[in-house]
Amino acid sequence: MHSSPASLAELQARSQALAGLTLGQIAAQLQLQVPANLQKDKGWVGQLLEQSLGASAGSKAEPDFPHLGVELKTLPIDRDGKPLESTYVCVAPLTNVGGLHWHDSWVCRKLQHVLWIPILAERQIPLSERMVGTAFLWQPNVQQQQELQQDWEELMEQITLGGVANIRGAQGKHLQLRPKAANSRALTDAVGAHGEPIKTLPRGFYLKATFTASLLAQQFAPG
DNA sequence: GTATGATCATGA
DNA sequence: TCATGATCATAC
């Protein structure tokens with residue numbers, strides 16, 4: 001168990017020291033048991049790395065490293081370095097979204113500074129043998145910021161106009177809106193097509209795998 | 001239910 | 001084959 005890193009440099013040094021270690025090795029350092037699989041422990045890898053790097057624990061609506069303003073995200077990849085999954089960002093507000101602007105949104109704030117930690121996580125590899133890659137800090141460049149903002153504004157407009165039920169995951173260039181719920185019976189409040197209150201599945205914002213793939217390419221491009 | 005952490009599993 | 005839609009655990 002680590003204390004909280006004092007600086008970005010310390011966070012980078014710690015995260016890069018994990019490169020090449022397996023999840024089993026990191027768990028052993030922390031004296032933690034590795035679950036047989038992730039079916040009932042889907043968040044285990046993220047929580048393991050949070051502990052290892054000294055992120056603030058628990059379910060708080062703030063960055064993993066509050067004093068650094070950095071969010072930690074694991075990124076499962078295959079042997080070719082391609083993301084295996086989309087990346088969850090945050091839940092989407094479905095009511096009272098009238099005056100909300102991009103720069104005040106959770107999506108924008110959460111993505112301002114992210115520590116990405118790639119994990120070689122093909123399903124055939126036992127959990128304890130999966131290997132941590134080279135972590136890197138990322139901040140969206142101007143183009144990325146603009147494209148994310150455009151996706152967000154389109155999705156939020158549709159929610160505002162009562163069209164949440166018609167939003168599919170395929171919509172959006174980089175940012176998508178998909179269910180984020182315990183199960184299909186967990187409903188929340190939203191607005192219907194005629195302005196009437198409805199119940200619907202809670203939604204979350206996710207980064208498409210093609211977008212995180214471009215971040216990896218940008219980071220690890222040869223030359 | 002909402003927040004945290006995501007991956008599972010199946011339809012296209 | 002793979003992205004979308006569905007789901008799992010836990011704290012509060």
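Just so it is clear, the structure is predicted and the values come from calculations on it, not from any experiment. Throughout, a chain's letter reflects where its sequence line sits, starting with A, and its residues are numbered from 1.
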Base, sugar-phosphate, or nothing for A:Ala186, non-hydrogen atoms under 4.0 angstrom?
sugar-phosphate

Can you sort out the partners of A:Thr87 under side chain to side chain contact (heavy atoms under 4.5 Å, CB included), two or more places apart, ordered by chain and number?
A:Lys73, A:Leu75, A:Trp116, A:Leu207, A:Thr212

Would you tell me if any nitrogen or oxygen in the side chain of A:Lys42 comes within less than 4.0 Å of OP1 or OP2 on B:dA9?
no

Look at the side chain of A:Ala170 and decide which nucleotide, out of C:dT4, B:dC8, C:dA9, has an atom nearest to it.
C:dT4

Would you indicate what A:Glu71 reaches in the nucleic acid, counting non-hydrogen atoms under 4.0 angstrom: base, sugar-phosphate, or nothing?
sugar-phosphate

B:dA9 OP1/OP2 closer than 4.0 Å to side-chain N/O of A:Gln39
yes

Side chain to side chain contact (heavy atoms under 4.5 Å, CB included) partners of A:Gln112, counting only residues at least two apart:
A:Cys108, A:Pro140, A:Gln145

Please tell me if A:Thr188 has a side-chain N or O lying less than 4.0 Å from either OP1 or OP2 of B:dT2.
yes

It should be established whether A:Ser86 places a side-chain nitrogen or oxygen under 4.0 Å from OP1 or OP2 of nucleotide C:dT4.
no

On DNA chain B, compare the nucleotides closest to A:Cys90 and A:Arg123; which residue's is nearer the 5' end?
A:Cys90

With a cut-off of less than 4.0 Å, is there a side-chain N or O of A:Arg178 near OP1 or OP2 of C:dA6?
no

Assert: residue with more 5' nearest nucleotide on DNA chain B, out of A:Val45 and A:Arg185, is A:Arg185

Phosphate contact (B:dA6 OP1 or OP2) by A:Thr87 side-chain N/O below 4.0 Å:
no

